[in-house]
Structure formats: structure tokens, C-alpha cells
Chemist: 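Pasting in a structure now, in C-alpha cells, and then I'll have a few things to ask.
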Protein chains: 2
Amino acid sequence: MTTPGRGLHGQVLDALGPAITAGEYPPGSVLRTDELAQRFDVSRSVMREAVRVLESMHLVESRRRVGVTVRPKAEWNVYDPQVIRWRLAGADRPHQLRSLTVLRSAIEPVAAGLAARHATAEQCAELTECALGMVANSRGHRLEKYLVHDVAFHRVILAASGNEMFARLGDVVAEVLAGRTHHEVMFEDPLPAAVTLHVQVAEAVRERDAARAERLTREITIGALQELDILAP
Amino acid sequence: MTTPGRGLHGQVLDALGPAITAGEYPPGSVLRTDELAQRFDVSRSVMREAVRVLESMHLVESRRRVGVTVRPKAEWNVYDPQVIRWRLAGADRPHQLRSLTVLRSAIEPVAAGLAARHATAEQCAELTECALGMVANSRGHRLEKYLVHDVAFHRVILAASGNEMFARLGDVVAEVLAGRTHHEVMFEDPLPAAVTLHVQVAEAVRERDAARAERLTREITIGALQELDILAP
DNA sequence: CACAGCCAAAAAGTCAGACTTATTTGTCAC
DNA sequence: GTGACAAATAAGTCTGACTTTTTGGCTGTG
């Protein structure tokens, strides 16, 4: 996704970030920059830059005379795309995927409602195009192509909502959908009902029917929750 | 909020961050670390650390032979609490406040529904306590005390949802509520209807009535949207 | 025994300077 | 015009010396 080796400090981050988010260093653990610098065979300057980045993500806290201490999970910047990627790559991938799916279930219906009001003609066109692409690849082991259109569909919805906070969740949704297709439970072919719902959402947005777009999208996200067995009894 | 002067690089960030998020350096602008280091009278090491942090927030991109370029607003990590603070302190505070209020309107009802399922006995107690505190300070120019209980109430709801992504929005909601009380339109006393709704949400959570908790919270957020004139015609 | 204050060690923080590397731009030959 | 090559530029890296803050222990005194 993001260029992996953007400098030495980036390589260090690619090693330290996942380790910390995976809980390899439990909260309260103390690291020392000099020791880390030796371990990764980089200069202290480089290690300091890496620590600064981890600090800005609230993964660690650097204090004089004590060292770099790992912060409790509850304080992490869990919306940082980098942190999300690290965690999705690690051991608590399932847990992370659940959290994000619940987030989706809250955001996307509202975003769809807003999209019905604010979407441009182009965005409406893109939306129908994506929906058609999903239909075209909904049968016969074309999961990869289906995924591309699915991701694009949800990206357009979020962008068309006109809310920058929603728009920035496009990457997160992409990760979740990709994760579901590649690693989690995913049937051979997507459920026909889900495909139909996407087509109908595109319709509703095109017809400026905000309430319907919201309701239909809520049904989609309920389906996503059910797949992960998150649901009210 | 966060300790302001946590080192020289922090002071540089406190100056550069707001400037960039305020659009003082338009997207595509090129900065040079050496020049910045001179301007802020710090060593290059310190300036490099600051740039690394800005880079991790996707506010800037550092490339060899070209310099540090400001990224377009659409790529910023708008969920980073630091970025949110900087933007709330700057010129587009009203716009930012609207975006965040829309976000709240999507998240909080779902969070309340989940809280009704997962809240512990303690959290239920805290909730009623907060609601009572709001009632007690709802009349007679006690906005500050009212605010404290209001913030606490929403924090508990988000935390009790059991979803870490929701829980981490507590700070954001606190900023929005504080912003509304301190700088934006806020009536002398809060609307009695809003206060009642909070009490009822606490009731619903205590009685494990998820649907009711969600519906009532949606009414609260609709009120918040109306205050800012964001609403369907 | 308790407590205040002082001292020394430890680790991060800061700085300055030299050097490396990648990228761009311009130039020259073909 | 197009290709390759050379020079300029700014970030990237490393090193070593120095400063500052914090902590924990060690006094000495009430």
C-alpha cells in the first residue's frame, strides 16, 4: 500500500510497529533507543525519528531517564491507517476486523444517505458502473474482480457523502473488504441478495432517495455483521 | 490537553502543524528542512524529527532532491487527535465542527445500542450519575458544570459500547461539545428536551433496551445537527 | 523511624559537522 | 528530438561530544 522502504527509519518502523501492536512488548515495557539502534543496526538519529513517529501514534511515550515505554492499547491512535495495517497483519486480525466492521455498520448507512443528497452526476454514474461490475462478476469464482468493484462502490459512497471524515474511511473499508475476501470466511460466490442491494443503493442515490439509500445500506452492513457472527440475539 | 512542550521538536510542531492545517502553506508548497531549522532556530536533527511526525500524519511528504511538500487536504490523517486539535484551533473551525458533528450522528446511536448490551453495572451507574448531573445544572447559567457531565455521559456511552474504535472517539466528542459551549451557538441554558433525552438514554441502557437507546441517542444527535443547521430539508 | 534535602547515575535530548545517496535538471552529442 | 551523461541539490545517514531532566539512593537531622 504505502511505499514500504521510505528510508531507514521506515524499515525500522515496519519491524517495530507490528511488534508493538501485536503485543510483543506489553504495555509498560521499557525500550532504550540506544539498544534499539544497536539491534536494528542504525544510527541513533534514525532510531530517534522512528520513535518520534511511534510517539505521534501514541503507541509509545518517551521520557527522560526512563526510556521509551509502550502505552496501553486503549491510548493508541487506532484510526491511523498505518496502525490499522499493522494490526490487520498481526495476530489480532480477527478482532480488528470485527471492530472495523462495526464501525462500517455505523458510518456507511449515514454516508449513503448523505450521498443521495450530495452525489454529483459523475458519482452517480460511477456508482451504477460499480454495481454493474459487481453483478457481472457475482458468479463463477471471479472473487477478485468482484472485490475491485465492491471496494470502488463503497469508496464512491463515502466520497460522495461530502463529509471528509467519512471519505477518509475509504482505505479502511478497502482493507476490511479485502481481508474478508482473502483471509476470512467468504463463500464461493457472494450472496445474490447482497449484490442486489448494491444495485438498489445505486438506484436510490441516483433518485435522490436518501432514506431508502440509508435503509438499504444498513441491510448491507447487517449482512457483513452476520458474516462475522456479530449480532443481536 | 496533551503536554504542549514535550521537547524542542514538539514546540516546532505546535507552530508548523497549525500553520499547515490552516492552509498557510497550500498543498504542493515546498519547504526545506535546512531553512525551517534556521527559521525555528533548532538543529537539523530536531527539525527532521518534526518533519517525520508531520509525515506520519500525512500532512507532508519528504522526497530527496525536492524537499518537504505539503500534501492535499484529502490525504491528511483527519482522525489524528492532534490534527483535529490543530484544525479546531484554526480558521476552518466551523467546517471542522460540522464534519465531526455529522460523524457523531453516525457513531453515537450505534454505540448507545451496543452499550445497552455490553455496559457493566458500574457503567450504568456512571451513566445515571452523569444524567442526573446534567439535570442538576440544566438551569441558571451553569453551562460549565453541565458540560462536564455532558462530556462524561458521552464518554461512558462510547466506552461501554465495547468497541475500541468507538471508545477512542471520546476525545473528539469532548472537543465538539466543548467547542459548542465555548465558541459556537449555545443557548443560555440547554434545551430541556435534550436533557430529558439523556436521562432516558441512561434508562434504556440500564434496562438493556438497545433499540430504544439507539433511537433516543439518534434524537440527541439530530438536535446537535439542527443547532448547526445541518439537516435534510 | 520518618522525612527533607542533596548527590550521582542514567537515559533522552540537543547540536554541529562531515559524508552518502537519490533525483532532478540541464547539457551535449548523435 | 532523443538519448546518455554530468553536475547540482536537498534529503538521508552517521558519529561524537555535550546538556538536561529525572529518579533513586544516601545521607544527616528531627
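Labels below follow one simple rule: chain letters A, B, ... track the order of the sequence lines, proteins then strands, and each chain is numbered from 1.
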Chemist: Heavy atoms only, 4.0 Å cut-off, all strands: where does Ser45(B) land among base, sugar-phosphate and nothing?
Modeler: base
Chemist: I want to check one thing: is the phosphate of dA12(C), taken as OP1 and OP2, less than 4.0 Å away from some side-chain N or O of Thr33(A)?
Modeler: yes
Chemist: Return the value, rounded to whole Å, for the distance between atom CG of Asp41(B) and atom C1' of dT14(C).
Modeler: 12 Å
Chemist: Please report, rounded to the nearest Å, how far the P atom of dT21(D) is from the CG atom of Leu8(B).
Modeler: 11 Å
Chemist: Tell me which nucleotide among dC15(C), dG17(C), dA11(D) gets nearest to the side chain of Arg32(B).
Modeler: dA11(D)
Chemist: dA11(C) C1' sits how many Å from Arg44(A) CZ, rounded?
Modeler: 11 Å
Chemist: Do the side-chain N or O atoms of Arg52(B) get closer than 4.0 angstrom to the phosphate oxygens (OP1, OP2) of dG12(D)?
Modeler: yes
Chemist: Using ring centroids (six-membered ring only for Trp), state whether His198(B) and His154(B) fall under 6.0 Å.
Modeler: yes
Chemist: Roughly, in whole Å, what's the span from CE in Met47(A) to C1' in dT15(D)?
Modeler: 16 Å
Chemist: Take Ser43(A) and Gly67(B), find for each the nucleotide of DNA chain D with the closest heavy atom, and name the residue whose nucleotide sits nearer the 5' end.
Modeler: Gly67(B)
Chemist: Tell me whether Asp14(B) is salt-bridged to Arg6(B), with the criterion being a basic N under 4.0 Å from an acidic carboxylate O.
Modeler: yes
Chemist: His9(A) has an atom NE2; how far is it from atom C1' of dA11(D), in whole Å?
Modeler: 12 Å
Chemist: Take Ser56(B) and Ser56(A) through the side chain to side chain donor-acceptor pair (under 3.5 Å) test and state the conclusion after the steps.
Modeler: CA-CA 8 Å; Ser56(B) 89; Ser56(A) 87; 3.0 Å; yes
Chemist: Has the side chain of Arg65(A) got a donor or acceptor atom sitting under 3.5 Å from an opposite partner on the base of dT23(D)?
Modeler: yes
Chemist: Checking salt bridge (charged side-chain N to carboxylate O under 4.0 Å, His left out) between Glu227(B) and each of Arg104(B), Arg180(B), Arg98(B), which is the one that passes?
Modeler: Arg180(B)
Chemist: Just how far, in rounded Å, is C1' of dG16(D) from CG of Asp34(A)?
Modeler: 12 Å
Chemist: Roughly, in whole Å, what's the span from CZ in Arg6(A) to P in dT21(C)?
Modeler: 21 Å
Chemist: For Asn77(B), does its backbone N or O pair with a side-chain atom of His58(B) as donor and acceptor, under 3.5 Å?
Modeler: no
Chemist: To the nearest Å, how far apart are Leu54(A) CG and dA12(C) P?
Modeler: 14 Å
Chemist: Determine the contact category for Arg63(B): base if any of its heavy atoms lies under 4.0 Å from a base atom, sugar-phosphate if only primed atoms, P, OP1 or OP2 are that close, otherwise nothing.
Modeler: sugar-phosphate
Chemist: For Arg64(B) and dT24(C), is the shortest distance between a side-chain N/O and OP1 or OP2 below 4.0 Å?
Modeler: no
